[in-house]
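Notes follow once the structure below has been shown.
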Amino acid sequence: MAFLMKSMLSNQVKNLGLGGGGEESKEESTPSDPAAAAGMTREEYEEYQKQMVEEKMERDAAFAHKKAERACLRVHLREKYRLPKSELDENQIQMAGDDVGLPEDLQKMVAEDQVEEEDKDSILGQLQNIQNMDMDAIKEKAQATFSEMKQAAEQKCAVM
């Protein structure tokens, strides 16, 4: 019981900042050398740090390249749809270098879209659209419109 009371009171006193030597023993028990804390020799720790820095640089470079590819795609879409240009995208492309372009799968998609649009814009594409139209529906709609116009004219004109 005394042990329980002592531990509860000493923890409360330490939290208030009035406690004494407990914090000093904690600081002394942790080693000041980060290599020793990681359980490595100094040389191993330095090599590990170099590897970590190199990996981080590679990840950052890959990330910047991906961002530049996305910016290149946005620039392409802005040109296609005649939207205003963005300086942010142009800056990202310049920061990544000149070797940035659309990824291969996106290039294939863009090429397919261009072929489809060219087909639709050509005379043959328009002829195919005419073939796909439902002539009966168009004929019925034209007859309905004509009869509506005829009725409206009869109501307005006394001679007819």
>> Show me the pairs that pass salt bridge (charged side-chain N to carboxylate O under 4.0 Å, His left out) and involve residues 137-147, at least two apart or across chains.
In response: none
Please examine the side chains of [Y] and [X], heavy atoms only from C-beta on, and report whether any two atoms are closer than 4.5 Å.
{"X": "Glu43", "Y": "Glu47", "result": "no"}
{"X": "Lys50", "Y": "Val53", "result": "no"}
{"X": "Arg74", "Y": "Gln92", "result": "yes"}

> Nearest 0.5 Å, what's the NZ-CG distance between Lys67 and Asp89?
Replying inline: 10.5 Å
> Between atom NZ of Lys108 and atom CD of Glu112, what is the distance when rounded to the nearest 0.5 Å?
Replying inline: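 Between Lys108 NZ and Glu112 CD, I get 9.0 Å after rounding to 0.5 Å.
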> Just by distance, do the side chain of Glu44 and the backbone of Thr41 share a donor-acceptor pair under 3.5 Å?
Replying inline: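 Between the backbone of Thr41 and the side chain of Glu44 there is a qualifying donor-acceptor contact (under 3.5 Å).
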> Ignoring hydrogens and geometry, is there a side-chain-to-backbone donor-acceptor pair from Arg78 to Leu83 under 3.5 Å?
Replying inline: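 Checking the backbone N and O of Leu83 against the side chain of Arg78, no donor-acceptor pair under 3.5 Å is found.
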>> Could you walk me through whether Asn91 and Gln94 satisfy the side-chain contact (heavy atoms from CB on, under 4.5 Å) test, starting with their C-alpha distance in whole Å, then the side-chain angles of each, then the deciding distance to 0.1 Å, before giving a yes or no?
In response: CA-CA 5 Å; Asn91 291 340; Gln94 289 175 355; 4.1 Å; yes
> Is the number of heavy atoms from other residues, nucleotides or ligands under 6.0 Å of Lys80 NZ greater than 12?
Replying inline: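 Yes, NZ of Lys80 has more than 12 neighbouring heavy atoms, counting only those of other groups under 6.0 Å.
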>> Can you tell me if Glu87 has over 12 outside heavy atoms packed within less than 6.0 Å of its CD?
In response: no
> Who are the salt bridge (Lys or Arg N to Asp or Glu O under 4.0 Å) partners of Glu46, not counting sequence neighbours?
Replying inline: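 Residues passing salt bridge (Lys or Arg N to Asp or Glu O under 4.0 Å) with Glu46: Arg42.
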>> Quiz question: by atom type and distance under 3.5 Å, do the side chains of Gln49 and Tyr45 form a donor-acceptor pair?
In response: yes
> Should Tyr81 and Met109 be regarded as members of a common hydrophobic cluster, given that ILVMFWY residues are connected when their side-chain heavy atoms come within less than 4.5 Å of each other, either directly or indirectly?
Replying inline: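 Same cluster: Tyr81 reaches Met109 through Ile, Leu, Val, Met, Phe, Trp or Tyr contacts under 4.5 Å.
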>> side-chain contact (heavy atoms from CB on, under 4.5 Å), that's the test. Do Met52 and Lys56 meet it? Break it down for me.
In response: CA-CA 6 Å; Met52 295 298 288; Lys56 184 180 183 321; over 6 Å; no
